Undergrad: 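Pasting a structure below so you can have a look.
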Amino acid sequence: MKQLRLKVLAGLFLVAGILSWGAARLWDSVGTLPSVPIAAPIVLAVIAVVLTATALSIRARLKAQRDRRPGAKGVEPLMAARAVVFGQASALVAALVAGMYGGTGAFLLGSLDVPARRDQALYAALSVAAGIAVIAAALFLERVCRLPEDEEKGPGKARAQ
């Protein structure tokens, strides 16, 4: 399984942000700009918490398995792989959503004197922050689930999956 690349996530964030900024500018010129939902940062924050809890649980189970504690459940490889896929998919979607709301928020920065637009800019900023939290949690989960390094290959060279 390939690791997430920060360049890909940053690229998705930037492209979504630029397209969203342009769409917000166009939409505002021909009508009323749709509002940024307050649910977006809440949902992203919940996903970040779930990913972090999953990573901490898997890390504790792996440690118990390594320490050969009696009754340790351990971690099935398929479970770890599924957790990583969930984390990677969540990070990719979070990069797109955070970029989209980041572009909308950047557009709204020009009209912060309007109270309704100020609230929308705040929701957009919270969505970006929550999206970054999802990405960080996904990268942590991916790090927890990676294979240990193979001593005979030397440091920095992980075993093939």
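Computed from a predicted model, the values in this text were never measured in an experiment.
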Undergrad: Quick check: closest heavy atoms across A91 and A138, and the distance to 0.1 Å?
TA: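 Scanning both residues completely, I find the closest heavy atoms to be CB-CB, 3.7 Å.
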Undergrad: Dump the intermediate steps for side-chain contact (heavy atoms from CB on, under 4.5 Å) on R61 and M79, then the final yes or no.
TA: CA-CA 12 Å; R61 291 172 97 185; M79 178 188 154; 3.1 Å; yes
Undergrad: Can you run down the side chain to side chain donor-acceptor pair (under 3.5 Å) pairs that involve residues 90-100, sequence neighbours left out, and say none if there aren't any?
TA: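 Output for this query is empty, none listed.
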Undergrad: G87 and L51: which non-hydrogen atoms are nearest, and at how many Å?
TA: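 Closest pair (atom of G87, atom of L51, distance): CA-CD2, 3.6 Å.
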Undergrad: According to a 4.5 Å side-chain heavy-atom criterion applied to Ile, Leu, Val, Met, Phe, Trp and Tyr, with indirect links allowed, do I38 and V43 form part of one hydrophobic cluster?
TA: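 Linked within one cluster.
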Undergrad: Considering all heavy atoms of both residues, which atom of A124 and which atom of G105 are nearest to each other, and what is their separation?
TA: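 Reported closest heavy-atom pair: CB-CA, 3.7 Å.
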Undergrad: Identify the two heavy atoms, one from S20 and one from T104, that lie closest to each other, and give their separation to 0.1 Å.
TA: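 What the structure gives for the nearest pair is OG-OG1, 2.8 Å.
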Undergrad: Answer yes or no: is there a side-chain heavy-atom contact under 4.5 Å between W21 and M100?
TA: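 Side-chain contact under 4.5 Å: no.
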Undergrad: Do R117 and D28 have side-chain heavy atoms sitting under 4.5 Å apart?
TA: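 Yes, close enough: below the 4.5 Å cut-off.
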Undergrad: Can you tell me how far apart CD1 (I42) and CD1 (I47) are? Round to the nearest 0.5 Å.
TA: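 The distance works out to 12.5 Å.
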Undergrad: Quick check on the hydrophobic clustering: are L14 and V97 connected, directly or via other members, by side-chain heavy-atom contacts under 4.5 Å?
TA: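 No, because L14 and V97 fall into different hydrophobic clusters, even though each may have its own neighbours under 4.5 Å.
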Undergrad: Roughly how far, to the nearest 0.5 Å, is the CG atom of L9 from the CD atom of Q88?
TA: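 Result: 9.5 Å between the selected atoms.
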Undergrad: Would you say V93 and V36 are hydrophobically clustered, going by side-chain heavy atoms of ILVMFWY under 4.5 Å?
TA: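 Yes; tracing contacts between hydrophobic side chains, which count when under 4.5 Å, links both residues.
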Undergrad: Step by step, would you call F140 with L56 a side-chain contact (heavy atoms from CB on, under 4.5 Å)?
TA: CA-CA 9 Å; F140 175 56; L56 292 172; 3.9 Å; yes
Undergrad: Measuring from atom OG1 of T52 to atom CG of L141, what distance do you get when rounded to the nearest 0.5 angstrom?
TA: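 Those atoms lie 8.5 Å apart.
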Undergrad: Is any side-chain heavy atom of L78 less than 4.5 Å from a side-chain heavy atom of R82?
TA: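 The answer is yes, as the side chains (C-beta and beyond) meet within the 4.5 Å cut-off.
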Undergrad: If you look at every heavy atom in G131 and L44, which pair is closest and at what distance?
TA: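 That would be N-CD1, 3.9 Å.
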Undergrad: Quick one: do L12 and L19 end up in the same hydrophobic cluster if we chain Ile, Leu, Val, Met, Phe, Trp and Tyr together by side-chain heavy atoms under 4.5 Å apart?
TA: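 Unlinked, L12 and L19 end up in two clusters.
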Undergrad: Is it true that L92 and L96 fall in one hydrophobic cluster, defined by side-chain heavy atoms closer than 4.5 Å?
TA: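 In one cluster: yes.
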Undergrad: Knowing that exactly one of V128, V46, L126 qualifies, which makes a side chain to side chain contact (heavy atoms under 4.5 Å, CB included) with P41?
TA: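 Answer after filtering V128, V46, L126: L126.
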Undergrad: Step by step, would you call V50 with F86 a side-chain contact (heavy atoms from CB on, under 4.5 Å)?
TA: CA-CA 10 Å; V50 168; F86 170 61; 4.1 Å; yes
Undergrad: Could you tell me whether the side chain of R118 reaches within less than 4.5 Å of the side chain of L108, counting heavy atoms only?
TA: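 Heavy-atom side-chain distance check fails, nothing below 4.5 Å.
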Undergrad: So which atom in A45 and which in A130 form the shortest heavy-atom distance, rounded to 0.1 Å?
TA: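 Shortest heavy-atom separation between A45 and A130 comes out as N-CB, 3.9 Å.
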